[in-house]
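The structure appears right after this line, and notes come after that.
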2 protein chains.
Amino acid sequence: MTLHQLRCFLAAYEEGSLTAAADRLGYAQPSVSEQIRNLEKSLGAPLFRRVGRGVVATTVADDLRPHAERVLAAVEDAQSSVASQVRLETGTIRFGMFGIARLYAGADLVADVLRRHPGVRVELIGTNSTEVTDELRRGRLEAAMIAVPQLESEGLTITPVARDELVYISNDPERLRQPVTARRLSEATLVMPETTFRAVDSVRIILRQMLHETGRNPQTRIEVEDVESAVELVGMGLADAVITKGAAVQLLPRLAPDAGWVSLRPAQHDTLAIVHRRDAILSPAAQLMIELATARIQAIAEPIRAPRPR
Amino acid sequence: MTLHQLRCFLAAYEEGSLTAAADRLGYAQPSVSEQIRNLEKSLGAPLFRRVGRGVVATTVADDLRPHAERVLAAVEDAQSSVASQVRLETGTIRFGMFGIARLYAGADLVADVLRRHPGVRVELIGTNSTEVTDELRRGRLEAAMIAVPQLESEGLTITPVARDELVYISNDPERLRQPVTARRLSEATLVMPETTFRAVDSVRIILRQMLHETGRNPQTRIEVEDVESAVELVGMGLADAVITKGAAVQLLPRLAPDAGWVSLRPAQHDTLAIVHRRDAILSPAAQLMIELATARIQAIAEPIRAPRPR
DNA sequence: CGTCATCACAGGCTGAGCCTATAGGAACTG
DNA sequence: CAGTTCCTATAGGCTCAGCCTGTGATGACG
């Protein structure tokens with residue numbers, strides 16, 4: 001049984017004539033005749049009696065008709081459902097966004113998407129950058145925006161879109177007088193977020209590279225998971241921290257009103273990039289998310305103009 | 001979009017691998033690959049991301065899946081529905097049966113069918129023999145059992161299965177002393193049924209032929225539609241009638257207890273026959289009805305053994 | 001870094017599906 | 001009742017979808 005046979009069957013049933021059915025469907029009469037014959041053969045029962053002028057449905061055909069209509073309706077449903085997803089009217093848009101990027105643009109990005117495509121579901125995936133790159137590599141995620149320490153990763157294409165300065169935050173104005181050097185940093189009492197992923201956290205990687213020149217390893221007094229907790233602890237004067245400037249601007253007034261920030265010396269930057277599988281053909285949904293996320297991020301952090309893609 | 005593509009899609013979706021899907025479906029891997037590719041092309045959206053080892057469903061695929069399952073389930077439904085009709089478990093059996101034949105065997109025949117095939121619907125079609133032959137010719141009826149005056153009819157195959165004597169019934173014992181001749185018949189006061197179809201009613205055609213030899217036309221005093229009314233009128237002594245012996249045996253005790261019957265001279269017989277379109281391949285349902293109806297009729301009327309079909 | 005698993009691609013074969021042309025039967029018509 | 005019309009079935013031929021096998025590319029894994 002094929003969809004084509006069912007379509008021919010319904011046309012013949014409604015027209016009461018194979019010739020008329022063929023006309024309606026845009027085929028030659030023998031073609032429809034053959035389809036009906038094959039359908040009858042596969043069902044093992046005649047569907048029409050051939051009576052000189054036209055055909056007459058058997059009771060089997062009477063019974064088959066609603067089933068055939070249901071099948072074809074289900075096919076229509078399937079097609080229109082997919083079509084509406086292709087037009088981004090319905091369906092799910094899944095996008096990876098981790099840590100600082102989500103902090104900057106997460107909620108606003110979702111709002112942007114929903115405003116432009118009211119029918120869609122949005123999933124913003126990612127608890128940390130390794131998870132995100134993993135999901136990308138496994139194919140569960142199509143694209144993501146994350147903070148990346150390096151611009152090379154096996155099998156992935158990384159397109160930097162913005163960078164954000166790393167700043168030293170403290171509750172003690174004394175320590176904010178002038179930019180913090182590697183030496184001073186290595187002597188500071190620090191609280192750092194992302195403890196579980198400390199090995200791959202981009203801010204820590206950058207700090208490790210910076211301190212490497214002084215021959216020291218970065219030491220942290222306190223380890224927490226989320227940036228918010230770290231900022232709160234800074235506000236309580238228990239430690240200082242290094243976070244991105246965007247996060248500082250956003251979180252300090254609320255969580256540590258007495259604290260301030262100062263640049264590092266030399267200035268360090270965290271890079272926010274779009275990441276996807278190498279040579280992937282991106283879906284309209286992914287392209288939309290990339291476009292909107294880039295716009296949002298570049299409104300907050302310092303844009304990096306994309307080099308012309310090769 | 002084809003059913004085949006949907007089957008391949010579902011297998012690939014569930015297996016997470018085109019190779020495994022191909023194994024499950026019994027195809028080579030490139031065949032399934034091609035089906036998926038064609039489906040993606042016709043939908044205008046990728047369904048899977050190819051990620052080295054296996055494939056991963058996109059959100060479009062997630063959404064397509066329930067639709068695909070619904071389509072295939074509807075197809076299964078259609079097939080099993082038709083199958084159950086072919087096995088005479090469900091569906092409608094339509095059979096033509098007119099006048100005297102229905103009077104003899106109608107209810108019992110339906111009971112027979114329902115006993116053997118509890119799930120089916122039964123339609124016993126036919127108010128008169130012309131209607132029945134018309135429906136046969138137009139193809140709306142597949143087969144019928146009717147009383148036929150002649151054994152030839154354009155485009156139809158007529159197989160006699162039983163004959164029934166025509167008897168003269170009367171409330172007056174005097175008129176039942178000896179067989180009724182054409183002459184006496186032509187002088188009788190008659191009530192006859194089937195008035196609307198008097199021109200094609202088989203009993204009347206037989207009587208016309210019988211009277212033709214005497215040079216007379218049959219005259220009826222009273223015209224009614226149904227045999228029961230005619231018998232009742234005979235019971236009231238208002239007229240005599242000619243009906244089949246089977247009808248007389250069945251109806252006289254109930255509707256005209258004082259009346260009796262006597263043969264015609266020469267004896268006349270009405271023929272009950274199975275009729276269907278010439279060269280028709282009969283469905284199992286029609287064959288069943290023919291078999292059961294024949295058995296019922298032959299239990300009541302005098303069987304005519306079928307000549308060996310050529 | 002070699003091996004294995006998986007997918008894509010190429011080439012070739014078969015048959016489904018489409019067409020046109022034609023024959024045959026049923027129904028309508030003058 | 002013969003001619004016309006309408007419809008279906010059949011035959012023959014063409015094209016392409018769909019299947020296969022074989023092979024190459026690529027990512028995963030030990």
Side-chain angles (χ1 to χ4, degrees), chain A residues 1-9 11-13 15-42 46-57 133-140 153-157 277-281, chain B residues 1-9 11-13 15-42 46-57 133-140 153-157 277-281:
Chain A
M1 181 183 291
T2 68
L3 295 176
H4 192 80
Q5 288 169 353
L6 292 181
R7 274 188 267 266
C8 289
F9 164 71
Y13 187 98
E15 298 283 348
S17 153
L18 301 191
T19 302
D23 283 350
R24 190 214 277 189
L25 297 172
Y27 294 119
Q29 167 264 319
S31 304
V32 173
S33 186
E34 186 178 359
Q35 294 301 318
I36 300 292
R37 204 175 328 125
N38 288 339
L39 180 57
E40 287 175 327
K41 191 172 148 201
S42 83
L47 294 169
F48 297 103
R49 279 188 286 279
R50 278 67 169 174
V51 291
R53 187 156 297 198
V55 293
V56 177
T133 51
D134 221 49
E135 297 267 286
L136 281 167
R137 250 187 266 275
R138 290 177 192 278
R140 284 210 356 111
S153 187
E154 185 65 27
L156 299 179
T157 296
R277 293 174 60 78
R278 175 147 36 216
D279 303 327
I281 296 167
Chain B
M1 181 182 293
T2 68
L3 295 177
H4 192 63
Q5 288 169 352
L6 292 181
R7 274 187 267 266
C8 289
F9 164 71
Y13 188 98
E15 298 284 348
S17 152
L18 301 191
T19 303
D23 283 350
R24 189 213 278 187
L25 297 172
Y27 294 118
Q29 166 263 319
S31 304
V32 173
S33 185
E34 187 177 0
Q35 294 301 317
I36 300 291
R37 205 173 327 124
N38 288 340
L39 180 57
E40 288 175 327
K41 191 173 149 198
S42 83
L47 293 168
F48 297 102
R49 280 188 285 280
R50 277 68 168 174
V51 290
R53 186 155 298 197
V55 293
V56 177
T133 50
D134 221 52
E135 297 267 284
L136 280 167
R137 249 187 267 276
R138 290 176 191 279
R140 283 209 358 108
S153 187
E154 184 65 28
L156 298 180
T157 296
R277 293 174 60 79
R278 177 150 31 219
D279 303 328
I281 296 167

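Values below: every heavy atom of this structure, side chains too, minus hydrogens, waters and symmetry copies. In the text below, chain A, chain B and the rest are named by the order of the sequence lines, each starting its count at 1.
Each of A:Thr2 and A:Gln29 was assigned the nucleotide of DNA chain C with the nearest heavy atom; the assignment lying further toward the 5' end belongs to A:Thr2.
The side chain of A:Ser17 contributes no N or O atom lying less than 4.0 Å from OP1 or OP2 of D:dC6. Proximity of A:Gln35 to the phosphate of C:dC18: a side-chain N or O atom is located under 4.0 Å from OP1 or OP2. Taking only side-chain nitrogens and oxygens, B:Ser31 never comes nearer than 4.0 Å to OP1 or OP2 of D:dG18. Phosphate proximity of C:dA16 to A:His4: absent, as no side-chain N or O sits under 4.0 Å from OP1 or OP2. OP1 or OP2 of C:dA8 has at least one side-chain nitrogen or oxygen of B:Arg50 nearer than 4.0 Å. At D:dA17, none of the side-chain N or O atoms of B:Asn38 fall inside 4.0 Å of OP1 or OP2 (strictly under the cut-off).
Nearest nucleotide to the A:Pro30 side chain, out of D:dA11, D:dT8, C:dC18: D:dA11.
The two atoms that bring A:Met1 and A:Ser42 nearest to each other are N-OG, 4.1 Å, heavy atoms only. Of all the heavy atoms in A:Ser17 and A:Val55, the pair that sits closest is N-CG2, 3.8 Å. Minimum interatomic distance between B:Arg7 and B:Leu25 (heavy atoms only, all atoms of both residues): O-CD1, 4.2 Å.
Among the heavy atoms of the strands, none lies under 4.0 Å from B:Gly16. Backbone-only engagement by A:Ser33 is indicated by non-hydrogen atom pairs under 4.0 Å involving sugar-phosphate atoms exclusively.
Put simply, CD1 on A:Ile36 and OG on A:Ser31 are 11.5 Å apart, with the number rounded to the nearest 0.5 Å. From B:Gln29, atom CD reaches atom CG of B:Leu18 across 6.5 Å, with rounding to the nearest 0.5 Å.
Scanning atom types as modelled, no donor and acceptor separated by under 3.5 angstrom connect the side chain of A:Glu34 and the base of C:dA16.
Remark on the helix from C:dC1-D:dG30 to C:dG30-D:dC1: inter-end axis angle 30°, axes from five-pair C1' superpositions, rounded to 10°.
For the side-chain hydrogen bond (donor to acceptor under 3.5 Å, both in side chains) test, residues two or more places apart in sequence or in another chain that qualify with A:Arg50 are A:Glu40.
Classified by interplanar angle (parallel below 30°, tilted 30° to 60°, perpendicular above 60°), the ring pair A:Phe48/A:Phe9 is tilted.
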